[in-house]
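Notes follow the structure.
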Amino acid sequence: MKKNRIRLKGRLRTFLTTFLYLDIILILVTFLVFLFGGIQAGIILTIFTILYTVIVFLMYFMTRPIVINELISFATQYGQIQKTLLREMDLPSCLLDDTGKVIWSNIAFEKTVHEKKNFHKQITAVFPSVTADKFPAMDDEEVQYDLEYENNYYSLRMRKISLEEMASNSDIIEAGSYDGYLIIVYLFDQTALRLAVQEVDDQSMAAGLIYLDNYEEALESVEEVRRSLLIALIDRKINKYVASCNGIVRKTEKDKYFVVMPKRYCKVMQEARFDILEEVKTVNIGNEMAVTLSIGMGIDGLSYSQNYEFARNAIDLALGRGGDQAVVKTPDNTIYYGGKSQQIEKNTRVKARVKAHALKEIITANDTVLVMGHRLGDVDSFGASVGINRISKYLDRKCHIVLNDVTKSMQPLVDLFKNNPEYEDDMIIGSQTAIDMASGNVVLVVVDVNKPSITECPELLRFCKNIVVLDHHRQGTETIENATLSYVEPYASSTCEMVSEILQYIGENVKVNTEEADSMYSGIMVDTNNFMQKTGVRTFEAAAFLRRNGADVTRVRKLFREDANEYKTKADAVSQAEIYKGAYAISICNSEDIVSPTIIGAQAANELLNIKGIRASFVCTEYQNMVYVSARSIDEVNVQLVMERLGGGGHMTMAGCQMEGMTVTEAIGIIKKTIDTMIEEGELK
């Protein structure tokens, strides 16, 4: 009965019924033979027709069940073959229900995840990263994710299969609003491809530049007959180091080297934190001064020439930050290593003279000079601005200092020039006025800052075609681009020191007024903490030049006396300092009822260094919805590296940063975490 209900269709049915149609045609032919061919012929054909008809009907009704049975048997075997093929398929696959639970898997998948047959776990339990929000959202939609599992890399693909049609055709499921679905998952092993791509990437060439920071100074500190030996030992150290990295090094100048090596070895050098920086310092044949290196590496560029360009930018950053460090530059990132030693002061003032002549030509070629420092300007930035104003006046050019907010520390200096008949009323202007002037022949001089984002008016940089940068802070990743003249000297104590040197080369008999001399002397005094930090021979030479032009120490000291409330606030910050890990003083400076709390915080950080055992100090001040961090050290810790990790910068012994969207307590927590991380990485001790 069941077999009778099965009906054939398609070509198979046509094939089986063809003989029936031929029998009908044969009957018609027999009838025609009776009419036109005679009775005898008709009788013979009739007998054949009857015999043929009996055979056709017997074959049809007897063969049809056999054919159907054979078809059913074939279908069953075919389905079993399909199931076996799916189970034994080399491509790991599994089927999930709408909750993400595994309801079927093949052998390859089970071997991959080390599970037994018919395991039923959530896919998240197998691959934690494959959560429900990553399932395909639409029918027949395929999603793809990269997956790492047990040191192998897979491309995981998922497709959603709706069961609505199946439910509507089912005899046991009520279709209704049924919207269930299944998810088929495939795992494509990409490990070999990844390894091949990684191998090609590792073999790509990295370009590098190695410069000797103090070549001339080191040679001068050793006997002349031994200088060639010192050079040979340094060359040997560098060649041996690069050769160990399967690289090639060529000496391009007496103190410059060009390096090419596979990228994988550059990563090895990074992991070792460029230990050549310390190794080369061990070269000692009686030289009083240890040799230091600067290294710039460029990797991941689109071409070898781009890698070389990255290396050039990296070496410029390394030199601009004081040398004795390595910088690795990629298209997306810049990483710094080393930079733990003090910058070496250059005794020669040739560079200052060259920069002074270049500045003179730039100012002379323009009609107006605009000068600006950093946001919330300090004494050094204002003193340097005043010095540029004097240079402009000597060259008969109009000069304006861009200054929006006057801090309390700067107010005594600003008052020296306000309502002073020797100075114009528009000597100090605001940002908007400066922007209105920034057209035509205007040169913008940026002092005491080289990060565009923290200048007094960042928009002004876009409106001025001619830009001059004078700064003594170490350069970071963010720099002022397309500057006509850039004079950044990290070894200088202050920008006022640099401007004082430039003044001496601008022209003969440049007259500096007492107010201007006091301002620049104040900048040097404040940035050196009364000549106790970061001072060199040229610092005292600049101070002597200013003293000869009327700067008075007593008058300057009176300008910066503190009121009782500020002194108490500073003392409170010192008294409540927390000594973290026995070497790092961390404190909070109260900003209530204080006009310039950031200045008091910086002074408190300096005071904390007078405590025995303190290697670095960090003072946090909450001011204008931001947390300002002042970091100070003597010589053991490079606080600039700490501040750079928090988005700031500065010098090795004097740095800072600004942190938004957090409280002082949260900022202190971040500082502690940063110190812990740097200790683990070997950056701090």
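Looking only at atom types and distance, the side chain of S294 has a donor-acceptor partner in the side chain of D213 under 3.5 Å away. For the residue pair N590 and D572, no side-chain donor N or O sits within less than 3.5 Å of a side-chain acceptor on the partner. For the residue pair H472 / D448, a side-chain donor-acceptor distance below 3.5 Å is found, with atom types taken as modelled. Under 3.5 Å, the side chains of N513 and K511 contain a donor-acceptor pair of N or O atoms. S431 and E456 share no donor-acceptor pair across their side chains, judged by distance under 3.5 Å alone. Checking T539 against E497 by side-chain atom types alone, a donor-acceptor pair falls below 3.5 Å. Using a 3.5 Å distance cut-off with no hydrogens or angles, the side chains of E516 and Y423 do pair a donor with an acceptor. Side chains of S381 and D378: a donor-acceptor N/O pair is present below 3.5 angstrom, by distance only. Side-chain atoms of E607 and Q603 include no donor-acceptor pair closer than 3.5 Å.
Classification of D426 and K398 as a salt-bridged pair holds, one side-chain N sitting under 4.0 Å from a carboxylate O. Using a 4.0 Å cut-off between charged side-chain N and carboxylate O, R555 and D518 make a salt bridge. Between K254 and E216 a salt bridge is recorded (basic side-chain N to carboxylate O distance below 4.0 Å). Between E278 and K281, at least one side-chain N (NZ, or NE/NH1/NH2) sits under 4.0 Å from a carboxylate O, which counts as a salt bridge. Ion pairing of R227 with E220 is absent here, as no side-chain N (NZ or NE/NH1/NH2) approaches a carboxylate O to less than 4.0 Å. A salt bridge does not link D552 with R557: none of the charged nitrogens is closer than 4.0 Å to a carboxylate oxygen.
Taking CG of D367 as the start and CG of D396 as the end, the distance is 10.5 Å to the nearest 0.5 Å. Distance check, rounded to the nearest 0.5 Å: CD1 of I594 to CG of N565 gives 4.0 Å. The line from SG of C399 to CG of L370 is 7.5 Å long, rounded to the nearest 0.5 Å. Rounded to the nearest 0.5 Å, atoms SG (C464) and CE (M372) are 7.5 Å apart. Interatomic distance, L219 CG to I234 CD1, rounded to the nearest 0.5 Å: 7.0 Å. Summarising the geometry, atom CG belonging to L646 is positioned 8.5 Å from atom CZ belonging to F618; distances are rounded to the nearest 0.5 Å.
Residues S519 and F417 have side chains in contact (heavy-atom distance under 4.5 Å, counting atoms from C-beta outward). Using a 4.5 Å heavy-atom cutoff, the side chains of I401 and I429 are not in contact. Contact of the Y487 side chain with the L359 side chain is not registered, since no non-hydrogen atoms from C-beta on lie closer than 4.5 Å. Considering only heavy atoms from C-beta on, I435 stays 4.5 Å or farther from T433 through its side chain. Side-chain contact check for E424 versus K393: some heavy-atom pair is nearer than 4.5 Å. Between L503 and N549 there is no side-chain heavy-atom pair separated by less than 4.5 Å. A 4.5 Å side-chain heavy-atom check between M659 and M626 finds every atom pair outside the cut-off. At a threshold of 4.5 Å between non-hydrogen side-chain atoms, the residues L444 and L460 count as touching.
Closest heavy-atom contact between I579 and A585: CD1-CB, 4.1 Å. Scanning all heavy atoms of the two residues, the minimum distance from T598 to Y628 falls at CG2-CG, 3.6 Å. Considering every non-hydrogen atom in both A655 and G649, the closest pair reads CB-O, 3.1 Å.
A donor-acceptor pair under 3.5 Å links the side-chain atoms of N420 to the main chain of E422, judged by distance alone. For N214 (side chain) and A290 (main-chain N/O), a donor-acceptor pair under 3.5 Å exists by modelled atom type. Listed for the D380 side chain is a donor-acceptor partner under 3.5 Å among the backbone atoms of T495. In terms of modelled atom types and a separation under 3.5 Å, the side chain of K355 and the main chain of S486 share a donor-acceptor contact. Side-chain N or O atoms of T528 include one that pairs as donor or acceptor with a backbone N or O of I524 at under 3.5 Å. For N530 (side chain) and V526 (main-chain N/O), no donor-acceptor pair under 3.5 Å exists by modelled atom type. Under the 3.5 Å distance criterion, the side-chain polar atoms of N450 are left unmatched by any main-chain donor or acceptor of V488. Side-chain N or O atoms of S221 include one that pairs as donor or acceptor with a backbone N or O of A218 at under 3.5 Å. A donor-acceptor distance shorter than 3.5 angstrom exists from the side chain of E478 to the backbone of S453, with no hydrogens or angles considered. Counting only distance, with no hydrogens or angles, the side chain of R632 and the backbone of A616 share no donor-acceptor pair below 3.5 Å.
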F540 vs F531, test: ring pair (Phe, Tyr, Trp, His ring centres under 6.0 Å). Steps then yes/no. CA-CA 9 Å; F540 291 104; F531 297 95; 5.6 Å; yes
Passes side chain to side chain contact (heavy atoms under 4.5 Å, CB included), V327 versus Y337? Steps please. CA-CA 6 Å; V327 179; Y337 299 91; over 6 Å; no
Between Y394 and I506, is the side chain to side chain contact (heavy atoms under 4.5 Å, CB included) condition met? List the steps. CA-CA 9 Å; Y394 176 80; I506 285 294; 3.6 Å; yes
Does H400 form a side chain to side chain contact (heavy atoms under 4.5 Å, CB included) with M427? I'd like the steps, not just the answer. CA-CA 5 Å; H400 304 279; M427 173 183 172; over 6 Å; no
With side chain to side chain contact (heavy atoms under 4.5 Å, CB included) as the test, would you mind laying out the steps for V447 and D471 before giving the verdict? CA-CA 6 Å; V447 295; D471 189 25; over 6 Å; no
Quick one, R353 with Q504, criterion side-chain hydrogen bond (donor to acceptor under 3.5 Å, both in side chains). Give me CA distance, side-chain angles, the key distance, then yes/no. CA-CA 8 Å; R353 176 174 55 80; Q504 299 174 58; over 6 Å; no
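Just one of D255, L212, V283 meets the side chain to side chain contact (heavy atoms under 4.5 Å, CB included) condition when paired with V291; it is L212.
For K418, the NZ atom sits in a loose shell: 12 or fewer heavy atoms of surrounding residues, nucleotides or ligands are nearer than 6.0 Å. Taking a 6.0 Å sphere around CZ of R397, one finds it holds more than 12 heavy atoms contributed by other residues, nucleotides or ligands. Counting heavy-atom neighbours within 6.0 Å of N610 CG, excluding the residue itself, gives a total above 12. Heavy atoms of other residues, nucleotides or ligands lying less than 6.0 angstrom from NZ of K465 number 12 at most.
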